[in-house]
Participant: 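For reference, the structure I am asking about is given below.
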Amino acid sequence: MSHSVEKIGGTSMSDYVAVRDNIIKGGRKDDELYGRIFVVSAYGGVTDLLLENKRNGNPGVYALFADEEGSEALWREALRGVGEMLHNINAELFDNTEQLNEANAFIDGRLFEAERCMDNLHRLCQHGHFGLEDHLLTVREMLASIGEVHSAWNTAHLLKRDGVNARFVDLSGWRMEVAVPLDEHISQELAGINLDRELPIVTGYAYCKEGLMATFDRGYSEMTFSRMAVISNAAEAVIHKEYHLSSADPRLVGADKVVPIGRTNYDVADQLANLGMEAIHPRAAKGLRQDNIPLRVKNTFEPEHGGTLIDGDYHSESPCVEIIAGRKQVYALEVFDQDMVGSLWEYEQKILSAISRFKATVITKDINANTITHYLGTSLKTVKRIVKVVSEEFPTAEVSTRKVAIVSAIGSDMKVPGMLAKTVSALASADISVLAMHQSMRQVDMQFVINEDDYEAAVANLHRCLVEVHDHGEAICVA
């Protein structure tokens, strides 16, 4: 088949005119609009209000409901706040009173059902035989689905209004009696769609037997997108974002200095995901990679640009750095014990068990004869809990933590003599001390642990020395 499966991010979804004109229509003739499937995210900020704020951790409806010490009135008030926000979004999108009323009635029905279910569960769990914690994941999935259902329903109806034969495809499983595996659920919905004449607008959340949020949490829409592409045998998967996949963060090095990558491979995408800068969730990328489906990342607001094409085989024509990326607010958890010599594996198992117990993310690690250091992407509160468990497990060990940052030079092929020395020299020229560094034999990235205060300067200097000097033009490699 020659169709594509395309995902639209939340910030892009918030600008319907750009979605319609740049993505859906994009200068196409009427008979060229089809042969595509769109998987949509919730409008920007909506999922933060439904669950919790991804950036600052402020509680949303779910977090307030899950807080056993919190007031019942708080989550109800937060849910009403979500309803007001969704109504305001509708008011901006629908200028026809009848259509606006229909849109509001649709989402009000979902909000009412969600509140009724949560109310019943709250009452049930007041009895000793039922624990709220046993049902929280189901509540989280139900609330998350509201955001994607809202945006998908709206987009499908707005496109119909604007002359496109769009079709709302609801994977949320609302009132679905039996959960089926994700692939089966998607196949059932695809069976009745004619891609030659219809433009499916699919919810990013999909209800399924596996429970997407249990594994992917906020990355569930990318898994829906990936499986949709694999099951439908798509020729290409496309993600539309509000920015290009560029050589660095333009906020740190300047928008005039960064350049779209243009082409790279899934190894690079995995390294970015490890740093929390996902082009796509690694598990979602796995399905695309195994089925040889290339992934294109495009900028919604520059539709004429080909974006960046990611596949499993690409390597740059000559070794080069394609992107400078990194992460602040990393905690180095160092465990030193003289008794560790010859028993590294025993220590490593127990330390990782503590890290896994509190669901912290390991970005990288150092090991020598008597010391293991894990660099964790998590909160200080979680780090303290891990330290307590590790200290109890190894009473003779010295367990310490330090807040650091990690900056990384990444490329599809960096197998060139002197690349590491050149990178270290770029940091040294800016008087940035390297606390630790890592380079694997695969040579797709070099990671440097530095003081957090040096992070912005490190990114800017590495970009200047390793990327800007080459004057790549429109892209490092034109897709």
Side-chain angles (χ1 to χ4, degrees), residues 52-59 62-63 66-70 131-134 136-137 140 213-219 271 273-277 282 326-408 432-440 445-455 458:
E52 66 280 313
N53 191 294
K54 197 173 183 179
R55 293 178 178 83
N56 58 33
N58 288 341
Y62 168 79
D67 185 1
E68 294 182 356
E69 299 178 1
L132 179 62
E133 189 172 340
D134 297 334
L136 285 179
L137 187 58
R140 187 171 177 84
M213 295 199 77
T215 304
F216 305 101
D217 198 44
R218 298 279 289 263
Q271 305 314 313
N274 187 50
L275 292 168
M277 302 174 62
R327 182 166 179 168
K328 296 179 70 174
Q329 296 183 323
V330 175
Y331 290 91
L333 172 68
E334 182 179 270
V335 181
F336 163 79
D337 195 339
Q338 193 66 47
D339 294 336
M340 191 183 296
V341 180
S343 304
L344 279 172
W345 179 236
E346 178 185 344
Y347 278 77
E348 174 76 345
Q349 280 185 309
K350 293 180 178 179
I351 295 169
L352 286 175
S353 176
I355 292 171
S356 176
R357 174 180 168 185
F358 295 104
K359 299 179 180 179
T361 301
V362 178
I363 300 172
T364 190
K365 68 179 180 181
D366 299 326
I367 293 180
N368 63 23
N370 56 20
T371 308
I372 299 177
T373 305
H374 290 89
Y375 299 92
L376 307 178
T378 189
S379 65
L380 178 59
K381 181 179 180 181
T382 299
V383 169
K384 289 181 177 179
R385 290 175 174 174
I386 295 171
V387 168
K388 183 175 184 295
V389 172
V390 173
S391 298
E392 291 172 350
E393 187 70 46
F394 303 108
T396 63
E398 295 178 16
V399 183
S400 61
T401 62
R402 176 176 179 174
K403 197 175 184 182
V404 297
I406 293 177
V407 63
S408 184
I432 296 171
S433 297
V434 176
L435 306 178
M437 61 184 183
H438 313 97
Q439 183 183 31
S440 68
D445 78 320
M446 294 177 288
Q447 293 184 338
F448 300 89
V449 181
I450 58 176
N451 292 313
E452 192 175 47
D453 291 342
D454 291 330
Y455 177 74

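Only heavy atoms go into these numbers, but all of them, side chains included; no hydrogens, no water, no symmetry mates.
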Participant: So, using salt bridge (Lys or Arg N to Asp or Glu O under 4.0 Å) as the criterion, who are the partners of Asp366 when residues are at least two apart?
Facilitator: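 With neighbours one apart ignored, the set is empty.
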Participant: How would you list, by chain and number, every residue that makes a salt bridge (Lys or Arg N to Asp or Glu O under 4.0 Å) with Arg327, sequence neighbours excluded?
Facilitator: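 None.
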Participant: For Ala397 and Val335, work out which heavy atoms get closest and say how close.
Facilitator: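 Heavy-atom minimum between the residues: CB-CG1, 4.0 Å.
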Participant: List for me each residue that meets side-chain contact (heavy atoms from CB on, under 4.5 Å) alongside Lys384, sequence neighbours excluded, and say none if there are none.
Facilitator: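 For Lys384 the side-chain contact (heavy atoms from CB on, under 4.5 Å) partners, ignoring immediate neighbours, are Leu380.
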Participant: What pairs meet the ring pair (Phe, Tyr, Trp, His ring centres under 6.0 Å) rule with one or both residues in residues 357-407, with sequence neighbours excluded?
Facilitator: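 Found Tyr347-Phe394, Tyr375-His438.
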Participant: So how far is it from Ile355 CD1 to Leu333 CG, rounded to the nearest 0.5 Å?
Facilitator: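 These two atoms lie 5.5 Å from each other.
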Participant: Tell me, please, which residues at least two apart from Glu348 pass salt bridge (Lys or Arg N to Asp or Glu O under 4.0 Å).
Facilitator: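 With neighbours one apart ignored, the set is Lys365.
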Participant: Would you please name every residue forming a side chain to side chain donor-acceptor pair (under 3.5 Å) with Glu392, sequence neighbours left out?
Facilitator: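 Result, side chain to side chain donor-acceptor pair (under 3.5 Å) vs Glu392: Lys388.
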Participant: Is a donor on one side and an acceptor on the other found under 3.5 Å between the side chain of Ser408 and the backbone of Met446?
Facilitator: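 Side chain of Ser408 to backbone of Met446, a donor-acceptor pair under 3.5 Å: yes, one is there.
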Participant: Taking Leu275 as the fixed residue, which of Thr364, Val407, Ile363 is the one that meets the side-chain contact (heavy atoms from CB on, under 4.5 Å) rule?
Facilitator: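 Considering Thr364, Val407, Ile363, a side-chain contact (heavy atoms from CB on, under 4.5 Å) with Leu275 is found only for Ile363.
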Participant: When rounded to the nearest 0.5 angstrom, what distance separates CD in Gln329 from CD1 in Ile406?
Facilitator: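 CD1 of Ile406 is found 13.0 Å from CD of Gln329.
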Participant: Check this for me: Gln439, atom CD, are more than 12 non-hydrogen atoms of other residues, nucleotides or ligands nearer than 6.0 Å?
Facilitator: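 More than 12 within 6.0 Å, yes.
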Participant: With sequence neighbours excluded, tell me which residues meet side-chain contact (heavy atoms from CB on, under 4.5 Å) with Ser391.
Facilitator: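 If we apply the side-chain contact (heavy atoms from CB on, under 4.5 Å) test to Ser391, skipping adjacent residues, the hits are Val387, Val399.
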Participant: Of all the heavy-atom pairs spanning Tyr455 and Gly326, show the shortest one and how long it is.
Facilitator: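 Heavy-atom minimum between the residues: OH-C, 3.2 Å.
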Participant: Begin with the C-alpha distance, continue with both residues' side-chain angles, and end with the deciding distance and a verdict on side chain to side chain contact (heavy atoms under 4.5 Å, CB included) for Val404 and Asn451.
Facilitator: CA-CA 5 Å; Val404 297; Asn451 292 313; 5.6 Å; no
Participant: Could you work out, with side-chain contact (heavy atoms from CB on, under 4.5 Å) as the rule, every residue matching Asn368, not counting sequence neighbours?
Facilitator: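 Testing Asn368 for side-chain contact (heavy atoms from CB on, under 4.5 Å), a comparison that skips the adjacent residues, returns Asn370, Thr371.
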Participant: Closer than 4.0 angstrom, basic N to acidic O: yes or no for Arg402 and Glu452?
Facilitator: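 Between Glu452 and Arg402 there is no salt bridge, as every charged N stays at least 4.0 Å from the carboxylate O atoms.
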Participant: Does anything in residues 349-361 pair up under side chain to side chain donor-acceptor pair (under 3.5 Å), and if so which pairs, sequence neighbours excluded?
Facilitator: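 Pairs touching residues 349-361 that pass the test: Lys350-Glu393.
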Participant: Applying side chain to side chain donor-acceptor pair (under 3.5 Å), name anything that partners Lys403, two or more places apart in sequence or on another chain.
Facilitator: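 Listed in chain order: nothing, the list is empty.
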Participant: Once side chain to side chain donor-acceptor pair (under 3.5 Å) is applied, do any residues pair with Thr373, and if so which ones, sequence neighbours excluded?
Facilitator: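 Testing Thr373 for side chain to side chain donor-acceptor pair (under 3.5 Å), a comparison that skips the adjacent residues, returns none.
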Participant: Kindly give the heavy-atom pair with the smallest separation between Ala354 and Ile386, and that separation in Å.
Facilitator: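 In terms of heavy atoms, the two residues are closest at O-CG1, 4.0 Å.
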Participant: Going by the rule side-chain contact (heavy atoms from CB on, under 4.5 Å), which residues pair with Asp453 if we only count those two or more places apart in sequence or in a different chain?
Facilitator: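 Not a single residue meets the side-chain contact (heavy atoms from CB on, under 4.5 Å) criterion with Asp453.
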